[in-house]
Amino acid sequence: MIFAANWKMYKTPDESREFIRNLKLSPKQMSQVVIFPTAICIEAVATALKGTGAKWGVQNGYIESAGAFTGENSPATVKSLGGSFVLIGHSERRALFHEQDGLLAKKVKCAQNLGLTPMLCIGETLAEREAGQTLSVIDKQLKMDLEFFDSQKPLVIAYEPVWAIGTGKVATTGQVAEVHTDIRKKLVHYKAEKTPILYGGSVKPQNAKELGQLKDVDGFLIGGASLEVESFAQICATEK
Ligand code: PGA
């Protein structure tokens, strides 16, 4: 299992350090943790996580290692600071910052080329689900976002139905199972069927156990419930 904490635009460096100090997990659980702090808090998190076995990444990484790209994060710098992951295509990046699949495909490639693991977020909106388009949306996102994907290098997929993010509306186990099984089947086509598939969208200690039992759920991408040490630690106790 992978337990990824997406802290979005929350936490100062001091708050980040305090969270990590108070996170009491077994070494095995700690090795399953990935923290995505804001770019400003990377150094604080990288230092605080040293020797714990947990990993960290950035919430957004650009398609180049360096250059005149004001405001962007260099994946090469992430690598040099000891980071492991780049979150790519989170629905907030897609909706609020207008990131398109063509750009996301290049982000996947750049992260992989630098030895970082892309954690690619995909998922349908409520309108798409209600129109019966969920699986075709997923298919299209995978096709476009994995255009330059190298199956010899690691990848993580996070299925996050947009309507379940930050809303308290968690997808049912039936809905999650259907989509995860479908993603697994589609990944065969990319020679990447071993790719971990995480679920994200209002994951809480109360629903983590049930969702974690599903065959093709390999962990969670957690927003709100990852901001409090207690709720995050409870989720990290989920066993397969
Ligand atoms: P949530 O966020 O757990 O608050 O729904 C998940 C995410 O945005 O990745």
Side-chain angles (χ1 to χ4, degrees), residues 1-61 73 75 77-88 90-93 116-119 121 154 156 158-160 164-170 176 196-214 217-240:
M1 295 286 272
I2 296 174
F3 303 103
N6 176 11
W7 284 353
K8 309 196 179 188
M9 207 175 70
Y10 295 103
K11 293 197 190 295
T12 63
D14 278 346
E15 288 165 351
S16 306
R17 279 187 281 265
E18 196 194 344
F19 180 100
I20 293 164
R21 229 184 358 258
N22 293 331
L23 186 62
K24 307 276 184 249
L25 298 176
S26 70
K28 182 189 164 224
Q29 288 168 345
M30 211 58 184
S31 71
Q32 297 171 314
V33 166
V34 183
I35 299 200
F36 290 99
T38 63
I40 299 169
C41 291
I42 278 172
E43 214 161 354
V45 167
T47 307
L49 286 181
K50 265 204 185 109
T52 65
K55 300 180 185 69
W56 62 270
V58 268
Q59 297 171 14
N60 173 37
N73 301 325
T77 305
V78 173
K79 182 75 185 168
S80 74
L81 287 168
S84 308
F85 285 85
V86 182
L87 200 60
I88 295 174
H90 188 278
S91 71
E92 285 150 22
R93 298 295 316 171
L116 295 163
T117 302
M119 188 178 285
C121 303
V156 174
Y159 167 57
E160 298 206 303
I165 296 177
T167 57
K169 278 189 211 146
V170 63
V176 176
I197 308 171
L198 315 187
Y199 169 77
S202 298
V203 174
K204 308 272 180 258
Q206 297 84 327
N207 55 35
K209 200 166 170 212
E210 203 184 8
L211 290 164
Q213 297 309 313
L214 299 174
V217 171
D218 304 311
F220 302 118
L221 179 55
I222 310 139
S226 75
L227 295 172
E228 300 294 332
V229 178
E230 260 120 75
S231 49
F232 184 61
Q234 282 174 36
I235 294 170
C236 294
T238 310
E239 292 198 16
K240 218 44 205 157

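The figures that follow rest on heavy atoms only: side chains count, while hydrogens, waters and symmetry mates do not.
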(request) Please examine the side chains of E160 and H90, heavy atoms only from C-beta on, and report whether any two atoms are closer than 4.5 Å. (result) yes
(message) I need the minimum non-hydrogen distance between K240 and M1, along with the two atoms involved.
(response) CD-SD, 3.7 Å
(request) Check the pair I2 / V156 against side chain to side chain contact (heavy atoms under 4.5 Å, CB included), numbers first and verdict last. (result) CA-CA 10 Å; I2 296 174; V156 174; 4.2 Å; yes
(request) Evaluate the side chain to side chain contact (heavy atoms under 4.5 Å, CB included) criterion for residues V170 and V203: first the C-alpha distance (whole Å), next the side-chain angles of each, then the deciding distance (0.1 Å), finally the verdict. (result) CA-CA 7 Å; V170 63; V203 174; 5.6 Å; no
(message) With rounding to the nearest 0.5 angstrom, report the OG1 to CG distance, T77 to N73.
(response) 8.5 Å
(message) Show the nearest heavy-atom pair for residues I165 and S91, with the distance to one decimal.
(response) CD1-OG, 3.3 Å
(message) So, taking the atom named NZ in K11 and the one named CD in E18, what distance separates them when rounded to the nearest 0.5 Å?
(response) 8.0 Å
(message) Nearest 0.5 Å, please: how far is OG in S226 from CZ in F220?
(response) 13.5 Å
(message) For a quick test of reading the model, state the closest non-hydrogen atom pair linking K8 to T38 and the distance between them.
(response) O-CG2, 3.1 Å
(request) Would you mind reporting whether P27 and M30 have side-chain heavy atoms less than 4.5 Å apart? (result) no
(message) Quick check: closest heavy atoms across L49 and W56, and the distance to 0.1 Å?
(response) CD1-CB, 4.0 Å
(message) Main chain of T12, side chain of E15: is a donor-acceptor contact present, judged purely on distance under 3.5 Å?
(response) yes
(message) I want to check something: taking the side chain as every heavy atom from C-beta on, are V45 and W7 in contact at a cut-off of under 4.5 Å?
(response) yes
(request) Could you tell me whether a side-chain N or O of S202 sits under 3.5 Å from a main-chain N or O of G168, the two making a donor and an acceptor? (result) yes
(message) Check whether T117 reaches the backbone of P154 with its side chain - one donor and one acceptor, N or O, closer than 3.5 Å.
(response) no
(message) Assess the residue pair Y199 and D218 against the criterion (side chain to side chain contact (heavy atoms under 4.5 Å, CB included)); give the C-alpha distance rounded to whole Å, side-chain angles, the decisive distance to 0.1 Å, and a yes or no.
(response) CA-CA 8 Å; Y199 169 77; D218 304 311; over 6 Å; no
(request) Indicate yes or no for a side-chain donor-acceptor contact from Q29 to the backbone of S26 under 3.5 Å, with no hydrogens or angles considered. (result) yes
(message) Quick check: closest heavy atoms across P75 and L116, and the distance to 0.1 Å?
(response) O-CD1, 3.3 Å
(request) Carefully, step by step, assess Y159 and L198 under the rule side chain to side chain contact (heavy atoms under 4.5 Å, CB included). (result) CA-CA 6 Å; Y159 167 57; L198 315 187; over 6 Å; no
(request) Kindly compute the distance separating SG (C236) from NZ (K24), expressed to the nearest 0.5 Å. (result) 14.0 Å
(message) With rounding to the nearest 0.5 angstrom, report the CZ to CD1 distance, R93 to I88.
(response) 11.5 Å
(request) For residues L25 and Q32, determine if any side-chain heavy atom of one lies less than 4.5 Å from a side-chain heavy atom of the other. (result) no
(message) Please identify which of these residues, F85, F19, F3, meets the side-chain contact (heavy atoms from CB on, under 4.5 Å) condition with I35.
(response) F19
(message) Ignoring hydrogens, what is the shortest heavy-atom contact between G61 and V86? Give both atom names and the distance.
(response) N-CG1, 3.5 Å
(request) Please examine the side chains of C121 and L87, heavy atoms only from C-beta on, and report whether any two atoms are closer than 4.5 Å. (result) yes
(message) Less than 4.5 Å apart, side chain to side chain, heavy atoms only: is that true for L81 and E43?
(response) yes
(message) Between V217 and I197, is there a side-chain heavy-atom distance shorter than 4.5 Å?
(response) no
(message) I need the Q59 CD to C41 SG distance, nearest 0.5 Å.
(response) 9.5 Å
